[in-house]
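Throughout, a chain's letter reflects where its sequence line sits, starting with A, and its residues are numbered from 1. Just the heavy atoms: all of them, side chains too, but no hydrogens, waters or symmetry mates, feed the values below.
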2 protein chains.
Amino acid sequence: MTAHGTVPVTIRAMESSNSPGGAGGGRREATRQKLYEAAVTLIAEQGFSATTVDEIAERAGVAKGTVYYNFASKSVLFEELLRHGVGLLTASLRDAAERTAEAGGSKVDSLDAMVRAGLVFIDRYPSFTQLYVAELWRTNRAWQSTLMVVRQEAVAVVEGVLREGVEADELSEEIDIGLTASALVGMVLVAALDWQAFQPERSLDDVHAALSRLLQGRVSGKP
Amino acid sequence: MTAHGTVPVTIRAMESSNSPGGAGGGRREATRQKLYEAAVTLIAEQGFSATTVDEIAERAGVAKGTVYYNFASKSVLFEELLRHGVGLLTASLRDAAERTAEAGGSKVDSLDAMVRAGLVFIDRYPSFTQLYVAELWRTNRAWQSTLMVVRQEAVAVVEGVLREGVEADELSEEIDIGLTASALVGMVLVAALDWQAFQPERSLDDVHAALSRLLQGRVSGKP
DNA sequence: GTTTTTGCACTGACTAGTCAGTGCAAAAAA
DNA sequence: TTTTTTGCACTGACTAGTCAGTGCAAAAAC
């Protein structure tokens, strides 16, 4: 499940052939990808309900019937989109933590690497992130449970590193792991979305530096 | 906006009657409040587009026509809701900062007080917060500009305190004020929403303590 | 004191339009 | 051949917004 490298993985990376013996990507999978991409942008901009299937089909350059040939319904298309996207994020976070550990870094280094991995992800898939945040705390929606499961998966990765940090006496044992993980995720999420929305010209390194500082408590006092 | 303790005192100079409920702010204002309350909950749960005007009217115990008698359109109702809610938050943050300053606290104390004020706000108006987060980073929406203005107003309060902290040599002058403010807001927002959604039984003090720790860099190292 | 008028707040059936999803025959890949 | 896609007409449910009319209390007229 671990993705390969920090090399920006495109959506296409999760591609898999649908025919058991077939080797190539397959025409069908390509169509699905086009639909994912079209849907993610439109839904991020307008929201799920305000986005019509006709729009999605048009943006994907595909007939409406094709949407229904490939997905049972509009919500199913959306749910698969969510699962797919969060899968990528989780893999990327886990990978960042593992690589740091293998390179002999501390747990704080791991956290820092995960912050960066988060930023890279958001930079690459801003629409997905937007859409995810917009839907995460909604209740009474069809895909609510999907979202919960998938969220927990991602947060658990951060919690894991925090826990190891405490066990290794590297982090204060008084920290609240769950809350701190949430707060860290929120810090990265909101800062990155603001960055994308209001200062897209700034570099990722810049943003990373600012968050690193906050993470490592180098905000108060002089350097 | 959900009902809050202090009854909004409206201009009753021109109002002819105030018979129902005694010290209320007039019949019309009462209806508007009911509509706000109904709308905020429903939109937080389902999103703007998925929420129908009929639902809002029904939940408010009012006829559909009344919605349009009181608001020009569904979006206008929503926009006024947003303005109202963020106004409350901004006032609350500013108040927290001022009170701390008057009591002779440091800038970090001010930040901490604002974190708490944010938590109190979210605790009191969870639906509003949910809805705000869900809509904030959307593009191509009618109320986009309203949202931007109102967001900047709130973030500016945090930025102001950070700036004063730097000027007073209390905070590192290397911090990026805009990004740090965003990150702090995000930290509080996401942690609080997660708290509400997944561990509502925890106390506000608990959550505040966890965030304080993060804010003050008391995460790494032993206490 | 009684009747009539005024105007605000509200009502709910109705309109005009939108959109998810269907059905199907024919064309293009594979 | 089989799988996938296309194009397009169609339906039925649902929805934002409208409008003629109601209820009512205070003011005006009688």
Side-chain angles (χ1 to χ4, degrees), chain A residues 15-39 42-43 45-81 140-143, chain B residues 10-22 24-39 42-43 45-81 140-143:
Chain A
E15 197 177 287
S16 62
S17 56
N18 59 330
S19 47
R27 192 154 70 110
R28 197 162 181 197
E29 203 53 36
T31 304
R32 283 185 128 102
Q33 286 299 329
K34 280 195 291 182
L35 285 170
Y36 278 154
E37 271 165 44
L42 288 166
I43 297 179
E45 279 172 5
Q46 309 175 322
F48 176 81
S49 305
T51 301
T52 69
V53 175
D54 287 286
E55 277 178 309
I56 296 174
E58 194 193 340
R59 164 106 36 136
V62 137
K64 187 178 182 177
T66 306
V67 176
Y68 286 95
Y69 181 75
N70 284 283
F71 298 95
S73 70
K74 187 186 171 188
S75 338
V76 167
L77 163 57
F78 184 56
E79 269 187 81
E80 295 195 9
L81 200 59
N140 293 353
R141 302 233 81 171
W143 50 82
Chain B
T10 50
I11 339 86
R12 28 188 314 263
M14 317 272 293
E15 298 289 326
S16 46
S17 74
N18 67 334
S19 36
R27 192 178 171 201
R28 202 165 174 188
E29 202 53 37
T31 305
R32 281 184 131 101
Q33 286 297 332
K34 280 195 292 184
L35 285 170
Y36 278 155
E37 250 172 76
L42 289 166
I43 297 179
E45 279 172 4
Q46 308 174 322
F48 176 82
S49 304
T51 300
T52 69
V53 175
D54 286 285
E55 278 178 309
I56 297 175
E58 193 191 340
R59 164 113 30 142
V62 136
K64 186 176 187 180
T66 305
V67 176
Y68 287 93
Y69 181 76
N70 284 283
F71 298 95
S73 69
K74 187 184 171 188
S75 335
V76 166
L77 163 57
F78 184 56
E79 272 186 76
E80 297 196 8
L81 201 57
N140 293 354
R141 304 235 81 174
W143 52 81

* Asked: Which range-with-range stems can be found for DNA chain D when each stem has 3 or more Watson-Crick or G-U pairs in a row and both distances sit under 3.5 Å?
  -> C:1-30 with D:1-30
* Does Asn70(B) place a side-chain N or O at less than 4.0 Å from the phosphate oxygens OP1/OP2 of dC10(C)? -> yes
* Nucleotide dA20(C), atom P - distance to CG of Leu42(A) in whole Å -> 12 Å
* Arg27(A) side-chain proximity, nearest of dA16(D), dA30(C), dG21(C) -> dA30(C)
* Structure fact -> residues 57-69 of chain A vs side chain to side chain donor-acceptor pair (under 3.5 Å), sequence neighbours excluded, gives Asp54(A)-Lys64(A)
* For Arg32(B), which residues count as a side-chain hydrogen bond (donor to acceptor under 3.5 Å, both in side chains) partner, sequence neighbours excluded? -> none
* Which atoms form the tightest heavy-atom contact between Thr51(A) and Leu42(A), and what is the distance? -> OG1-O, 3.4 Å
* Spacing between Arg28(A) atom CZ and dT6(D) atom C1', to the nearest angstrom -> 15 Å
* **For atom CZ of Phe71(B) and atom P of dC10(C), their distance in whole Å** => 11 Å
* **Closest to the Lys74(A) side chain, choosing from dG17(D), dA9(C), dA20(C)** => dA20(C)
* Are any of the side-chain heavy atoms of Ser75(A) and Phe48(A) separated by less than 4.5 Å? -> yes
* Output the distance between atom CG (Leu77(A)) and atom CD1 (Ile43(A)), rounded to the nearest 0.5 Å. => 6.5 Å
* OP1 or OP2 of dT5(D) less than 4.0 angstrom from a side-chain nitrogen or oxygen of Thr31(A), does that happen here? -> yes
* Asked: Rounded to whole angstrom units, what separation is found between the CD atom of Glu55(A) and the C1' atom of dA20(C)?
  -> 13 Å
* Output all residues satisfying ring pair (Phe, Tyr, Trp, His ring centres under 6.0 Å) with Phe71(B), sequence neighbours left out; order by chain, then residue number. => Tyr36(B)
* Near DNA chain C, which residues from residues 56-69 of chain A have a heavy atom under 4.0 Å away? -> Lys64(A), Tyr68(A)
* Asked: Can you check the Phe48(A) CZ to dC19(C) C1' distance for me, whole Å?
  -> 12 Å
* Structure fact -> Separation of dG17(D) atom C1' from Asp54(B) atom CG, nearest Å, is 10 Å
* Rounded distance (nearest 0.5 Å) linking atom CD of Glu80(B) with atom CG of Asn70(B) -> 9.5 Å
* Counting any heavy atom closer than 4.0 Å, what does Thr51(A) reach on the DNA or RNA strands: base, sugar-phosphate only, or nothing? -> sugar-phosphate
* Quick one: list whatever passes side-chain hydrogen bond (donor to acceptor under 3.5 Å, both in side chains) with Ser73(B), sequence neighbours left out. => none
* Asked: Rounded to the nearest 0.5 Å, how far apart are CD of Gln46(A) and OG1 of Thr52(A)?
  -> 7.5 Å
